[in-house]
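These values consider heavy atoms only, across backbone and side chains, with no hydrogens, waters or symmetry-generated copies.
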Amino acid sequence: MSSENARPVTKAVIPAAGLGTRFLPATKATPKEMLPVVDKPAIQYVVEEAVRAGLEDVLIITGRNKAALEDHFDHQWELEQALEAKGDQFRLERVRESAAMKVHFVRQGQPKGLGHAVHVAKEHVGDNPFAVLLGDDLIDARDHLLEEMLKVREEKGGSVIALMEVPRESAHLYGCAAVDQREGDVVRITGLVEKPDPADAPSNLAVIGRYVLDPSVFGVLENTPPGRGGEIQLTDALQTLAASTEPGGGVHGVVFGGRRYDTGDRLDYLKAVVRLGLDHAELGSDFGEWLDEFAADRAERADGPGAADREAAGAPSK
């Protein structure tokens, strides 16, 4: 193991400058990262994941109209005093949880893509390896993807990205990887393509929102021209690193088969709320009972009297 690989990863970068247009009008005045998933904003799940993995120095990349993110990870003394006066220790502790996290903020300034957002972190990160966690990709707390990626970085050096298998027809929604030398869940990346046509995708392994990056990525990003969508793509920089034999070069992937929740898509967001709601320590049991009753009632109404008439009239039976 080289001394470069042995340098521990202690910093996490969370890009959160996106406009959230898919959730309009909900995100007109509320950052998409602050949309609640059961009883916590999505961004808090991501910060908690970084902290669980030992990355207690967290930088969030923000943009205009994102002040709510900073407020959430700050103390709100009036609220804390009111809860303390009521003796509501349970909610007081929950409110203080987010304020106790070591979170820093910097603005991206211009929406030039994920690669540009990562480069904005250069001054904070310095010459250190670091993790990047996308704010709308939630990994279930019971699955230790980030910890596994940190271990691969320690063993193999270079950069590490998270991959998942997707239907080939969905390849155009993701960056896709060409791989070889698979050992269990770990593969060597030989190429990356951002949102390819399904017929041209190098594999069905899609890049998801977790990265452990060598600091050499900053130098590559500085020389990466705008790519797909006119934005500076992190995928393009990683393609360069994958082919590099220079120090810090090389990219490996961890193929993830666990529980992932995409809160950047409206339908997947609803699924995430249901799945995490069912697992909630306080609400899960009651919510599960109601959900079973609701599904049974819906099925009964769909198959009951009048269903045939609705189907004949062209109305969906379910």
Side-chain angles (χ1 to χ4, degrees), residues 12-53 58-80 82-83 86 88-105 133-143 145-146 208-210 258-295:
V13 174
I14 302 176
L19 299 176
T21 52
R22 286 182 288 179
F23 278 86
L24 286 170
T27 50
K28 180 181 178 182
T30 302
K32 66 174 183 176
E33 298 83 7
M34 289 300 297
L35 294 177
V37 181
V38 189
D39 54 0
K40 288 188 294 191
I43 191 73
Q44 185 168 334
Y45 287 91
V46 180
V47 174
E48 289 174 350
E49 178 189 350
V51 172
R52 278 196 308 272
V58 178
L59 176 70
I60 298 180
I61 312 294
T62 68
R64 294 183 59 192
N65 302 319
K66 299 280 186 168
L69 293 173
E70 298 187 37
D71 290 341
H72 180 72
F73 290 100
D74 196 2
H75 284 284
Q76 190 178 119
W77 300 111
E78 297 86 350
L79 175 60
E80 292 181 24
L83 292 172
K86 290 170 59 178
D88 193 341
Q89 194 65 28
F90 174 74
R91 288 183 176 81
L92 177 61
E93 290 177 0
R94 299 208 69 193
V95 165
R96 285 177 172 169
E97 280 177 2
S98 56
M101 298 173 183
K102 185 179 179 182
V103 181
H104 310 273
F105 298 88
L133 299 84
L134 300 193
D136 53 10
D137 245 344
L138 306 189
I139 302 298
D140 195 288
R142 294 165 292 188
D143 295 319
L145 171 62
L146 187 54
I208 58 175
R210 295 295 181 271
R259 291 156 284 201
R260 168 183 175 262
Y261 313 111
D262 180 3
T263 61
D265 175 83
R266 289 177 300 169
L267 179 58
D268 284 344
Y269 170 82
L270 293 175
K271 293 177 182 178
V273 172
V274 171
R275 289 170 177 164
L276 291 172
L278 287 171
D279 290 333
H280 196 279
E282 301 164 58
L283 306 174
S285 178
D286 290 342
F287 180 49
E289 289 181 11
W290 174 83
L291 197 61
D292 289 341
E293 292 172 0
F294 174 80

Please list, one pair per line, the donor and acceptor atoms closer than 3.5 Å that link side chains of residues 134-142 to other protein atoms, with sequence neighbours excluded.
| from | atom 1 | to | atom 2 | distance (Å) |
| --- | --- | --- | --- | --- |
| Asp136 | OD2 | Lys32 | NZ | 3.3 |
| Asp137 | OD1 | Arg260 | NE | 2.8 |
| Asp137 | OD1 | Arg260 | NH2 | 2.8 |
| Asp137 | OD2 | Gly209 | N | 2.7 |
| Asp140 | OD1 | Arg142 | N | 2.9 |
| Asp140 | OD1 | Arg142 | NE | 2.8 |
| Asp140 | OD2 | Arg142 | NH2 | 2.9 |
| Asp140 | OD2 | Tyr261 | OH | 2.7 |
| Arg142 | NH2 | Asp279 | OD2 | 2.7 |

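- The backbone N or O of Asp143 lies less than 3.5 Å from no partner atom in the side chain of Arg259, so there is not a single donor-acceptor pair.
- Interatomic distance, Thr21 OG1 to Phe23 CZ, rounded to the nearest 0.5 Å: 10.0 Å.
- When side chains are defined from C-beta on, Glu48 counts as touching Met101, because their heavy atoms get closer than 4.5 Å.
- Nearest heavy atoms, Gly277 versus Val38: N-CG2, 3.6 Å.
- The distance from atom CG of Leu276 to atom NE2 of His280, rounded to the nearest 0.5 Å, is 9.5 Å.
- Annotation: Arg94, atom CZ; neighbour count of heavy atoms from other residues, nucleotides and ligands within 6.0 Å is above 12.
- Separating the CG atom in Leu24 from the OG1 atom in Thr27 is a distance of 4.0 Å, to the nearest 0.5 Å.
- In this structure, the separation between CD1 on Ile14 and CD on Glu49 is 8.5 Å, given to the nearest 0.5 Å.
- Taking 4.5 Å as the limit, every side-chain heavy atom of Trp290 sits out of range of all side-chain heavy atoms of Leu283.
- Two residues are said to be in side-chain contact when any heavy atoms from C-beta on lie closer than 4.5 Å; Arg91 and Lys86 fail this criterion.
- Side-chain contact between Val13 and Ile61 is present, with heavy atoms from C-beta onward closer than 4.5 Å.
- Counting heavy atoms from C-beta outward, Tyr269 and Val37 have side chains that approach closer than 4.5 Å.
- Side chains of Leu35 and Thr263 form no contact here, defined as non-hydrogen atoms less than 4.5 Å apart.
- Shortest non-hydrogen contact noted between Leu278 and Gly288 is CD2-CA, 3.4 Å.
- For the atom pair CG (Leu19) and NZ (Lys28), the distance works out to 14.0 Å, reported to the nearest 0.5 Å.
- In Arg52, the CZ atom is crowded: over 12 heavy atoms of neighbouring residues, nucleotides or ligands sit closer than 6.0 Å.
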Can you give me every donor-acceptor pair (side chain of residues 69-77, partner residue at least two apart or in another chain, under 3.5 Å) with its distance?
| from | atom 1 | to | atom 2 | distance (Å) |
| --- | --- | --- | --- | --- |
| His72 | NE2 | Gln44 | OE1 | 2.7 |
| His75 | ND1 | Glu80 | OE2 | 2.9 |

